[in-house]
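First the proteins, then the strands, lettered A, B, ... as listed; each starts at 1.
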There are 2 protein chains.
Amino acid sequence: MLSQKTSDAAPSAHDRVYRALRSRIMHGQMSPGEALTLRGIGKEFGVSMTPARESVRRLVAEGALTLSASGRVSAPELSNERIEELAALRALLEVELASRALPRAHMALIDRLQTINMNVAEMVSKRDAVGYIRTNLEFHRTLYLRAQAPAMLAIAETVWLQLGPTMRALYGRLGRTEPPHNHKLIIAALKAGDEPGLRLAVRSDVTHGLRLLAG
Amino acid sequence: MLSQKTSDAAPSAHDRVYRALRSRIMHGQMSPGEALTLRGIGKEFGVSMTPARESVRRLVAEGALTLSASGRVSAPELSNERIEELAALRALLEVELASRALPRAHMALIDRLQTINMNVAEMVSKRDAVGYIRTNLEFHRTLYLRAQAPAMLAIAETVWLQLGPTMRALYGRLGRTEPPHNHKLIIAALKAGDEPGLRLAVRSDVTHGLRLLAG
DNA sequence: CGATTGCTGATGTGATCACAAAGGATCCAT
DNA sequence: ATGGATCCTTTGTGATCACATCAGCAATCG
């Protein structure tokens with residue numbers, strides 16, 4: 001799911017469009033229900049309808065966009081049931097990924113996570129929703145990359161993608177002064193080599209924000 | 001992932017092609033490495049390259065097909081690491097799905113599972129690889145549908161899809177006389193309301209065959 | 001004043017075409 | 001016989017076009 005081609009030497013037009021839209025969706029730069037048109041995308045990226053269509057179809061296949069019965073495409077408006085299910089999926093997958101990353105997590109990685117976490121805190125203090133989502137996902141991805149489980153990570157990213165448009169809405173309702181407390185628990189558990197603690201911390205981090213959105 | 005459109009009233013050309021190819025891949029009717037061409041697909045289904053391309057792109061996005069650097073498309077040849085990872089994913093997801101289905105599993109469902117299981121046994125005795133794969137997946141899907149977790153089920157089916165072309169290769173090496181013993185354990189655990197037993201049985205069923213393929 | 005019907009612009013779909021690149025086969029040289 | 005270079009066929013990509021359909025809006029009627 002991450003890289004369509006095994007070699008990304010020649011970025012085709014549809015791939016460029018795909019990546020741009022994907023990033024926009026995953027980072028909460030689209031609101032739920034917001035519509036897109038093929039001709040509009042084509043115009044924005046200077047391509048014809050063909051690559052625009054392929055990008056959109058691919059994103060629809062990944063659940064990042066919704067296709068209405070008439071073929072109109074828009075960012076999904078998730079039901080509470082679906083949000084809860086996606087949150088459960090995040091918990092299931094990311095706990096496993098973190099657990100697999102734990103034995104390989106050396107100091108260099110933990111340092112990097114702490115640096116990223118400072119950026120997360122900065123985004124929170126700046127009330128930068130998009131920046132917060134991006135750095136937060138970067139924190140998780142950096143950890144999970146150590147799990148050496150690309151298929152699992154790809155699926156986890158697909159779940160993030162599906163939650164993207166809903167994320168910003170979450171940020172709005174969220175008690176914003178919250179520094180990333182759970183991230184510190186994750187880092188502490190990594191340092192201590194405490195697997196049960198790590199699993200719990202990841203589960204809490206992933207579940208907490210989404211629970212209040214669904215409820 | 002399952003239904004591209006919320007309403008499947010008007011089956012568009014690319015959707016028809018997509019479904020046909022998807023079924024072919026998932027049921028092991030394509031060998032790993034087998035190539036496809038857009039014009040060939042178009043000719044086979046009586047459509048132009050456009051719907052053929054969309055179907056293929058969608059299947060590539062789902063990991064059901066592999067796109068070479070030059071855009072050529074073929075059924076994936078999975079590495080052992082990837083097979084093991086996909087097996088782990090199946091275990092993770094399907095144990096959860098079974099666990100969620102358990103409290104909702106009434107007698108009617110168990111009866112249905114037993115009927116399907118007879119078909120599985122029949123396919124095994126007939127040495128029908130495709131039929132075996134199809135009925136086996138039907139067994140699992142029937143159970144998981146009770147979990148009321150469409151997103152999770154969709155992801156599980158994506159994993160099945162990725163394993164599809166490899167499945168038949170598995171069947172060849174598999175001790176074929178094996179009747180679906182683990183399926184009986186699953187049914188027994190469902191009858192007894194035994195959640196730990198169910199989790200173990202599902203994990204064994206999902207993991208066993210794939211382990212020897214990867215090893 | 002509100003609901004319904006009819007219309008118009010906008011939108012997705014699929015076909016076709018031109019083009020570039022890749023793969024394979026053939027031919028030649030060693 | 002074998003290795004390599006060359007040519008040609010096949011293949012994917014992206015653009016454009018014709019067509020059917022849908023959404024939104026306006027005019028009309030109750």
Side-chain angles (χ1 to χ4, degrees), chain A residues 3-22 24-25 30-77, chain B residues 3-22 24-25 30-77:
Chain A
S3 62
Q4 175 105 288
K5 307 197 173 183
T6 57
S7 151
D8 44 2
S12 51
H14 94 262
D15 219 57
R16 182 169 50 90
V17 176
Y18 165 78
R19 267 191 255 273
L21 291 179
R22 181 182 200 268
R24 188 179 301 177
I25 295 167
M30 285 195 67
S31 303
E34 188 177 338
L36 287 176
T37 67
L38 298 184
R39 287 175 176 86
I41 294 169
K43 193 172 181 181
E44 176 180 351
F45 292 93
V47 297
S48 80
M49 293 173 57
T50 310
R53 216 173 7 159
E54 294 201 10
S55 323
V56 163
R57 288 322 258 264
R58 192 168 159 195
L59 289 163
V60 169
E62 294 174 358
L65 292 173
T66 296
L67 208 59
S68 82
S70 65
R72 249 85 164 184
V73 70
S74 55
E77 307 186 73
Chain B
S3 60
Q4 176 104 289
K5 309 198 173 181
T6 57
S7 150
D8 44 359
S12 51
H14 93 263
D15 219 57
R16 182 168 51 88
V17 176
Y18 165 77
R19 265 192 256 274
L21 291 179
R22 180 182 201 266
R24 188 179 299 177
I25 296 167
M30 284 194 68
S31 303
E34 189 178 337
L36 287 176
T37 67
L38 299 183
R39 289 175 175 86
I41 294 169
K43 194 172 181 182
E44 176 179 351
F45 292 95
V47 297
S48 81
M49 293 173 56
T50 311
R53 218 174 4 162
E54 294 202 8
S55 322
V56 163
R57 289 323 258 261
R58 191 167 160 195
L59 289 163
V60 169
E62 292 174 359
L65 292 174
T66 296
L67 208 58
S68 83
S70 65
R72 249 85 165 184
V73 71
S74 56
E77 306 186 73

> Which value, rounded to the nearest 0.5 Å, describes the distance between B:Arg58 atom CZ and A:Arg58 atom CZ?
Replying inline: 14.0 Å

>> Just the rounded figure in Å: distance from P of C:dT13 to OH of B:Tyr18.
In response: 16 Å

> CZ of A:Arg16 versus P of D:dT13: gap in Å, rounded?
Replying inline: 15 Å

>> If I take atom CG in residue B:Leu65 and atom C1' in nucleotide D:dG12, what distance separates them, rounded to the nearest angstrom?
In response: 15 Å

>> Whole angstroms only, please: what is the CZ-C1' distance between A:Phe45 and D:dT13?
In response: 18 Å

> Between C:dG14 atom C1' and A:Glu54 atom CD, what is the distance in whole Å?
Replying inline: 13 Å

> A:Arg22 and A:Asp15: salt bridge (Lys or Arg N to Asp or Glu O under 4.0 Å), yes or no, with the steps?
Replying inline: CA-CA 10 Å; A:Arg22 181 182 200 268; A:Asp15 219 57; over 6 Å; no

>> Under the rule for side-chain contact (heavy atoms from CB on, under 4.5 Å), what residues qualify as partners of B:Glu34, not counting sequence neighbours?
In response: B:Met30, B:Ser31

> How close or far is atom P of C:dT11 from atom CG of A:Leu36, stated in whole angstroms?
Replying inline: 11 Å

Pair up each side-chain donor or acceptor in residues 43-50 of chain B with any protein partner under 3.5 Å, not counting sequence neighbours, and list the distances.
unit_1, atom_1, unit_2, atom_2, d
B:Glu44, OE2, B:Arg24, NH2, 2.6
B:Ser48, OG, B:Thr50, N, 3.2

>> Output the rounded distance in Å from NZ (B:Lys43) to C1' (D:dT11).
In response: 15 Å

> Nucleotide by nucleotide, 5' to 3', does protein get under 4.0 Å of the base (B), only the sugar-phosphate (S), or neither (-) in nucleotides 16-23 of chain D, counting heavy atoms?
Replying inline: B-----SS

>> As an exercise, state the distance from CG of B:Leu59 to CD1 of B:Ile25, rounded to the nearest 0.5 Å.
In response: 4.5 Å

> For A:Ile41, which contact category applies under a 4.0 Å heavy-atom criterion: base, sugar-phosphate, or nothing?
Replying inline: nothing

> Quick one: A:Leu67 CG to C:dT13 P, roughly how many Å, whole number?
Replying inline: 6 Å

> Going by heavy atoms in the side chains, are B:Val73 and B:Arg53 under 4.5 Å from each other?
Replying inline: no

